[in-house]
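Everything below concerns the one structure shown next.
These figures come from a predicted structure and were not determined experimentally. A, B, ... follow the sequence lines: proteins, then strands. Residue 1 opens every chain.
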Amino acid sequence: MSMYDNLNSMQQEAVFHTEGPVLILAGAGSGKTRVLTHRASYLIEEKGVNPWHIMAITFTNKAAGEMRERIDSLVGFGSESIWVSTFHSTCVRILRRHIDRLGYDTNFTIYDADDQKILMKDICKRLQIDTKIYKEKSFLGVISSAKDELISPEEFTLRAAGDFAKEKQAAVYREYQAALRKNNALDFDDLIVKTVELFQNDAEVLDYYQERFRYIMVDEYQDTDTAQFHLIKLLAEKYRNLCVVGDDDQSIYKFRGANIKNILNFEEIYPDARVIKLEQNYRSTQNILNAANSVIANNVGRKAKALWTDHPEGEKINFQQFETAYEEADYIAADIRKKVSENGGHYGGCAILYRTNAQSRLFEEKFVVSNIPYKIVGGINFYARKEIKDLLAYLKTIDNGRDDLAVRRIINVPKRGIGATTLGRVQTYAEEQGLSFYQALRAADEISTIGKAGMKIRPFVNFIQTMRSKVEYLGVSKLLQEIIEETGYVAELEAESSDEAQARIENIDELISKAVAYEESEESPTLSGFLEMVALVADIDNLQEGSDYVVLMTLHSAKGLEFPNVYLAGMEDGMFPSYITIISDDPSEIEEERRLCYVGITRAMTDLTITCAKQRMIRGETQYNKVSRFVKEIPETLLGGMARSRQKPKETSESAGQSFRQASSKVKPIFSTRNSYQSRQANSFASSSTDKITLEYGSGDRVKHMKFGEGTVVQIVEGGRDYEVTVAFDRVGTKKMFASFAKLKKV
DNA sequence: GTTAGAAACAATCCT
DNA sequence: TGTTTCTAAC
């Protein structure tokens, strides 16, 4: 019996049809990852294809990681040569090798949304645009959409002729792109755009990759935008062995440029395409699937599909309406508690899904006081926190001196007494001389206008230069630690001794850990490599399967995941579908929301609870909302719990109140629940915040460190729930470090 | 040049 | 409500 016997006939067809274009329409829970991984295996084992010629492309690192793991376990030999990665890391990898052909340096930096905004602000100032009337964000939005559509600044300018507002946007776009180039930086969209540009302009490079990727598989194809479509099209042009997998009913990324036509018109672009439908769902109960089907049936213009399952009917969908959003959170917390203790379930099987990130706050507060372990996905990215960005800016400056943004960010952090006036003068000088900002700083002595401020600049420049010379032999994590030492960044925070500062310090420790982990995981770690990884991770990538905590995230983040027990919270008209789509006169916007609802329902395997509140606070104002129209699209026969909803809230908020008293008398959460600086990963377990680490060593003891070797403990200082340990190492001198991170062993 | 406190303002969703 | 920008005082 072969491994392919476990697949159903449609899945088998998808696996065995290896040559030419293939479109796999894979309904929710129909086992598409299984198909893709088996297909890779089949190509290698049965068709004798060299794994080197196979590429699988996804949207998130998490999906790529999972696929890699599953392929590895299926394929006996050579699976590591298969190129499995995301669109963005694929492009970065290609650009790091060849972008010099487009006039960029191969050590370009990648700008995140924050960086883009700062840059745009600067440009608006330069072009004397009143940002009260034209917002930076709207320019960035326009530019991003243009890039998604592969519209260059030049073409945008041509198209804008005669339209005052568009001409202004065109000017901004041109200026923005020029600034990026000057800084040797690419924004997120550029990663795709520049790769396409490279392929279009350089036949040699294109041919190399076409030869390499003879078999291409694309996951979540309904999410591709026009630029990504062209990227794939170019790559697949020579061998035409392109297999795309997607589900038009799960297309939920129009706002970031996803073009649903890519999947709907696949057969027109590839007339010889084989179309295969996967319609058997292996995930959900009959009731859940019926609910999902009846909701999505209200959309027009879908590809015909009939999702079915041979699973039993299962429980009814539990629907509850509450007076307030607080009661909603109370109920869900109590219900999770009940399910976990009664049914022997575990927290890890529960997920709360909502439309907007802001909704996580109430649940977070509730879970902290109730001692329910949880993890929030999304919101502010770890790498977007101020303290992390500051330190990364140091690394970027050391790595790429042409990144003006990074230099300007840290030139006065910590305070060096260099203010706006001086910076303005340096800037002017840089422009006059055609230098980068950093080069101008190096030449500060030559700038007549800045006078004695040059004295303040020189130490900074010296510091960066010294660090540059040390990059090679220090490595990323030690470089980072030396920056922290030399600049006194952490020391300054320690002096502040507030909860917020403490949380920032913990984040910095986390960053060091990530640097160490990077160095350990990579064969030849480099500073650029680390910065690249950092730029491309999404919050969802850190979600570990099998962990025992409740997961909270937006419906968008939940795509591709499944949970036994799902709560869809805030199902109110105005929240979901969102206010903006309700007032929009484009009916397709509601359809996209409906698809999002479909995605949400189909995440559930056995238990689905839908909740809403009659009133909730939004930005300080109380809003009154009706039950979501999507709930009304579910046949009443599938719903349970509604009749009880009038008494139930009181009852549950009381029982939840009990657990609150219990918890609060015993445990005092270390973080203020309002503290947005907290590292969510670190403190997810409310209970763990009480565990103070115990040290097996004391002052004077001999200890051993993973990297630094042996040494003697000089001093131990208590700080929060951690200890700061000073150790005199035999080889590398005296170092200060946190006990929880350093993992010192007594010898 | 730096800081804190007041005022203004905002509208999803994300790699 | 939470965050960013402006203003005034040190």
Face-on cation placement of R181(A) at F108(A) ring, 6.0 Å and 45° thresholds: no
Geometric cation-pi criterion K559(A) and F59(A), 6.0 Å radius, 45° cone: no
Just N and O in the side chain of [X]: are any of them under 4.0 Å from OP1 or OP2 of [N]?
| X | N | result |
| --- | --- | --- |
| N412(A) | dT2(B) | yes |
| K147(A) | dT15(B) | no |
| K415(A) | dT3(B) | yes |
| N357(A) | dC13(B) | yes |
| K117(A) | dT4(C) | no |

With a 4.0 Å cut-off on heavy atoms, is [X] in touch with a base, just the backbone sugar-phosphate, or nothing at all?
| X | value |
| --- | --- |
| D189(A) | nothing |
| T421(A) | sugar-phosphate |
| K254(A) | nothing |
| K135(A) | sugar-phosphate |
| K62(A) | nothing |
| F87(A) | nothing |
| T422(A) | sugar-phosphate |
| G620(A) | base |
| T356(A) | sugar-phosphate |

F188(A), nearest nucleotide to its side chain (from dT15(B), dC13(B), dA11(B)):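 Taking heavy atoms from C-beta onward, the closest nucleotide is dT15(B).
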Closest to side chain of S578(A), choosing from dT12(B), dT15(B), dC6(C): dT12(B)
Base dT15(B) paired with R256(A) side chain (donor-acceptor, <3.5 Å):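 By the distance-only test, no, there is no pair.
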In whole Å, I'd like the distance from the [atom1] atom of [X] to the [atom2] atom of [N].
| X | N | atom1 | atom2 | answer |
| --- | --- | --- | --- | --- |
| I411(A) | dG1(B) | CD1 | C1' | 14 Å |
| R616(A) | dT12(B) | CZ | C1' | 14 Å |
| R619(A) | dA10(B) | CZ | P | 9 Å |
| F59(A) | dC13(B) | CZ | P | 19 Å |
| L362(A) | dT1(C) | CG | C1' | 11 Å |
| R361(A) | dT1(C) | CZ | P | 8 Å |
| I618(A) | dA11(B) | CD1 | P | 14 Å |
| I580(A) | dA11(B) | CD1 | C1' | 5 Å |

C1' spacing across the pair dC6(C) / dA11(B), given as an integer number of angstrom: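 Here dC6(C) and dA11(B) have their C1' atoms 23 Å from each other.
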Residues from residues 550-562 of chain A lying under 4.0 Å of DNA chain B - heavy atoms: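 Per residue number, the list reads T554(A), H556(A), S557(A).
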Regarding [X] and [Y], does a basic nitrogen lie under 4.0 Å from an acidic carboxylate oxygen?
| X | Y | result |
| --- | --- | --- |
| R361(A) | E364(A) | no |
| K389(A) | D112(A) | yes |
| K147(A) | D190(A) | yes |

Pairwise 5' ranking along DNA chain B for L536(A) and Q623(A), keeping only the more 5' one: Q623(A)
Residue mapping more 5' on DNA chain B - nearest nucleotide basis, Y579(A) or K456(A):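 Its nearest nucleotide lies further toward 5', so the answer is K456(A).
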All salt bridge (charged side-chain N to carboxylate O under 4.0 Å, His left out) counterparts of K135(A), not counting sequence neighbours: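 Counting only residues at least two positions away or on another chain, K135(A) forms no salt bridge (charged side-chain N to carboxylate O under 4.0 Å, His left out).
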Donor + acceptor pair across side chains of E220(A), Q222(A) (<3.5 Å): yes
Residue pair N299(A) / Y598(A), side-chain donor-acceptor N/O under 3.5 Å: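 No, no side-chain donor-acceptor contact under 3.5 Å.
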Closest non-hydrogen atom pair, C91(A) against L231(A): SG-CD2, 3.8 Å
